[in-house]
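Single-structure report; data block below.
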Amino acid sequence: MYNNRTKINALLTGDNIDFETTVMGWVRTFRNNQFIAVNDGSTNNNIQVVIALDLLDDATQKRITTGACIKATGQIIASLGKGQKVELKATSIEILGDSDAEKFPLQPKKHSLEFLREIAHLRFRTNTFGAIFRVRHSLAFAIHQFFNDKGFVYLHTPIITGSDAEGAGEMFRVTTLPIDGTAAKNDDGSINFKEDFFGKSTNLTVSGQLEGELAALAFSDIYTFGPTFRAENSNTARHLAEFWMIEPEVAFNDLEDNMNLAEEFIKYIINYALVHNKEDIAFLAQRLEEEEKQKPVADRSEMGLQQKLDFVVNNNFERLTYTEAINILKNSNHNKKKKFQYLIDEWGTDLQSEHERYLVEKHFKKPVILTDYPKEIKSFYMRLNEDGKTVAAMDILAPGIGEIVGGSQREERYENLVARMKEMNVPPEELDFYLDTRRFGSCVHAGFGLGFERLVLFVTGMTNIRDVIPFPRYPKSAAF
RNA sequence: UCCUACUUAGCUCAGUUGGUUAGAGCAUCUGACUGUUAAUCAGAGGGUCGCUGGUUCAAGUCCAGCAGUGGGAGCCA
């Protein structure tokens, strides 16, 4: 057996001392020709491996460089120095993989997030990204646990989709046809997709919602959790071309049930990370605090990361309608003093980022659920309210992130749905399979989509979405 | 996609009104020290100033185009 090592996390958190063991991991620093800080990714903390001055010959000692992979065997003892409880007093050191210090880009010093993004294949080996991706893992695990405990079915919706009317943005085309212009054409000059792999035009999915609804009207409660793709030319710190989305869909839920589920869900998974990733979140909180110190006092956030997460878990989200939000904004001093770039005057226009931020960060200072938007600015599948003007939509806005959840009670009435599709120029014949759910045993149901990376942003306190997914895809970038 | 700022050593940044051989800190290398905590001390090496073109006796510095990155906006999750 080769892998007879003990994980560093187990050694640092355990109570045992004075026993022999082996660790394997990557060198972070080598101090004083005696102390090697080794990390294996099981925790943000390193174990200190202590080597006697005569243990290694000079040539071997020089190979202990930042980034090298080593195997160290020896006694776990109570540390003789300050700064750590235990340390490994080595009886043997083996270099498993050399790392040329002149060429290895990560050095024991501060690096900018922009630089680390260029070497995303190596950034896992930093404290910050180690913490981020352990938290990301925990959040993903908690999502499955939450829904499983509630009896939801985890539904795998297709990644390649044949319907191009999902209505959530530009799509990436999937094809095996030649791209040099020699693909078979129809008489009118358009591409003949009957010759394509699937015999029709196909794309990467932008949402699993429509398929999710099909399954919800059989299992009652389902959720999806998978990658989604948007070919929008969005160059922001909040958008990716490939991102992961969680989409629950629940039969017999109305809009209020939907809000309750979303709020409970967000609190559950944040709390899971708070409990299971204490050290990682503490590290990220400290990192954020140091970053905040660089900013002017006025721009600093009032709460630290830890406080912010505790606050969200322990307080109710503010719920109000679009109409109420418009009134608050219209009567705000901010609006009267004309501090908004876009002044609020008309009911019916969509809220700008600055308005959402004002509501969340200045007025309520907590997550906000906005409901009942004008039908004109929302999708065709959202249920028309009794007033005939608004739809049963809900968006959850988070401080610092903006929209984190978008959801609605779905239009379950066949005639209304078809009418809305025609209004919004969605051809009903292309979504005939979807309309079948309304033809056969339709029922009240609701669901929402939560952008996983935006949640990871919120929990880690990071500000750029490209730093919370291992290998980010965005316009002009698909490295690694 | 739009607005705006930036791009100089491996990294983070200085570089004045255009003017001799482009600097610092960290990292790296060499040596010293040896219970260190991103160790410390001494010394050394390291540059196509984003790319392309232009103005000028002379361009890191001025102008234009392109690219990339940051911040803001739009689209949204």
Side-chain angles (χ1 to χ4, degrees), chain A residues 27-37 39 45-54 58 62 65-67 77 79-84 87 89 99-119 122 126-127 166-170 206-209 227-247 262 294-295 299 340-342 350-357 377-379 395-398 401-407 448-458 463-466 469 474-477 479:
Chain A
V27 175
R28 287 291 175 82
T29 64
F30 182 29
R31 290 185 292 268
N32 221 357
N33 290 349
Q34 272 185 107
F35 306 103
I36 314 171
N39 188 282
N45 299 311
N46 307 321
I47 193 157
Q48 171 154 284
V49 174
V50 186
I51 56 173
L53 292 174
D54 56 357
D58 278 6
K62 285 224 183 306
T65 54
T66 300
I77 59 169
S79 179
L80 302 179
K82 289 167 187 156
Q84 59 279 317
E87 60 193 17
K89 191 179 174 192
S99 175
D100 185 341
E102 281 193 76
K103 292 180 181 147
F104 186 59
L106 291 172
Q107 296 304 337
K109 71 185 290 287
K110 228 185 179 70
H111 292 295
S112 67
L113 295 172
E114 292 81 14
F115 170 66
L116 293 172
R117 209 174 293 146
E118 289 171 25
I119 50 165
L122 295 171
T126 64
N127 288 332
E166 288 169 8
E170 290 296 310
V206 293
S207 163
Q209 182 200 313
T228 25
F229 308 87
R230 305 264 169 101
E232 304 285 352
N233 193 4
S234 296
N235 293 287
T236 80
R238 295 175 302 282
H239 291 86
L240 290 165
E242 177 182 298
F243 65 101
W244 288 63
M245 192 152 61
I246 301 106
E247 295 180 289
Q294 311 294 317
K295 292 192 202 162
D299 294 352
F340 287 126
Q341 202 185 334
Y342 296 90
D350 208 352
L351 298 178
Q352 305 288 320
S353 290
E354 57 175 346
H355 304 137
E356 295 180 351
R357 294 185 70 151
I377 57 173
K378 288 292 179 184
S379 300
D395 283 1
I396 302 186
L397 311 176
I401 314 290
E403 186 177 341
I404 194 166
V405 165
F448 61 86
L450 181 144
F452 185 52
E453 282 75 19
R454 290 193 180 170
L455 181 78
V456 182
L457 274 182
F458 188 75
T463 51
N464 193 315
I465 203 163
R466 297 166 186 181
I469 187 167
Y474 48 95
K476 300 286 185 293
S477 181

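Within every chain, numbering begins at 1; the chains are lettered A, B, ... in the order of the sequence lines, protein sequences first and strands thereafter. Because only heavy atoms are used, hydrogens play no part in the values below, and waters and symmetry mates are left out as well, while side chains stay in.
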Quick one: does NZ or CZ of A/R466 land under 6.0 Å from the six-membered ring centre of A/Y474, within 45 degrees of the ring axis? yes

Would you mind building the protein contact string for nucleotides 67-73 of chain B? One character per nucleotide, 5' to 3', B for base within reach (heavy atoms under 4.0 Å), S for sugar-phosphate only, - for untouched. -SSS--B

Is A/F115 touching bases, backbone alone, or none of the nucleic acid, heavy atoms closer than 4.0 Å? sugar-phosphate

Ring pair (Phe, Tyr, Trp, His ring centres under 6.0 Å) with A/F448: which residues, sequence neighbours excluded? none

For A/F115, enumerate each residue passing the ring pair (Phe, Tyr, Trp, His ring centres under 6.0 Å) test, keeping only those at least two apart in sequence or located in another chain. A/H111

Could you encode protein contacts along nucleotides 36-42 of chain B as a string, one character per nucleotide from 5' to 3', using B for base contact, S for sugar-phosphate-only contact and - for no contact, with a heavy-atom cut-off of under 4.0 Å? BBBB---

On a whole-Å scale, what distance lies between the C1' atoms belonging to B/rA38 and B/rA77? 38 Å

Would A/D350 and A/K378 pass as an ion pair if we require N to O under 4.0 Å? no

If you look at every strand shown and take non-hydrogen atoms under 4.0 Å, does A/L455 touch a base, only sugar-phosphate, or nothing? nothing

In whole angstroms, how far is the C1' atom of B/rA77 from the CG atom of A/D350? 14 Å

Could you tell me how far apart A/E170 (CD) and B/rG74 (C1') are, to the nearest whole angstrom? 14 Å

Based on Watson-Crick and G-U pairs with both distances under 3.5 Å, what dot-bracket line describes RNA chain B 5' to 3', crossing pairs as [ ] and inter-strand pairs as |? (((((((..((((.....[...)))).(((((.......))))).....(((((..]....))))))))))))....

Sequence-distant partners of A/S353, side chain to side chain contact (heavy atoms under 4.5 Å, CB included), two or more places apart: none

Donor-acceptor pair, side chain of A/Q107 and main chain of A/A101, under 3.5 angstrom: yes

Have a look at A/K89 and say if it touches a base, only the backbone sugar-phosphate, or nothing, with a 4.0 Å heavy-atom cut-off. nothing

Gap in Å between the two P atoms, one belonging to B/rA27 and one to B/rC11, rounded: 15 Å

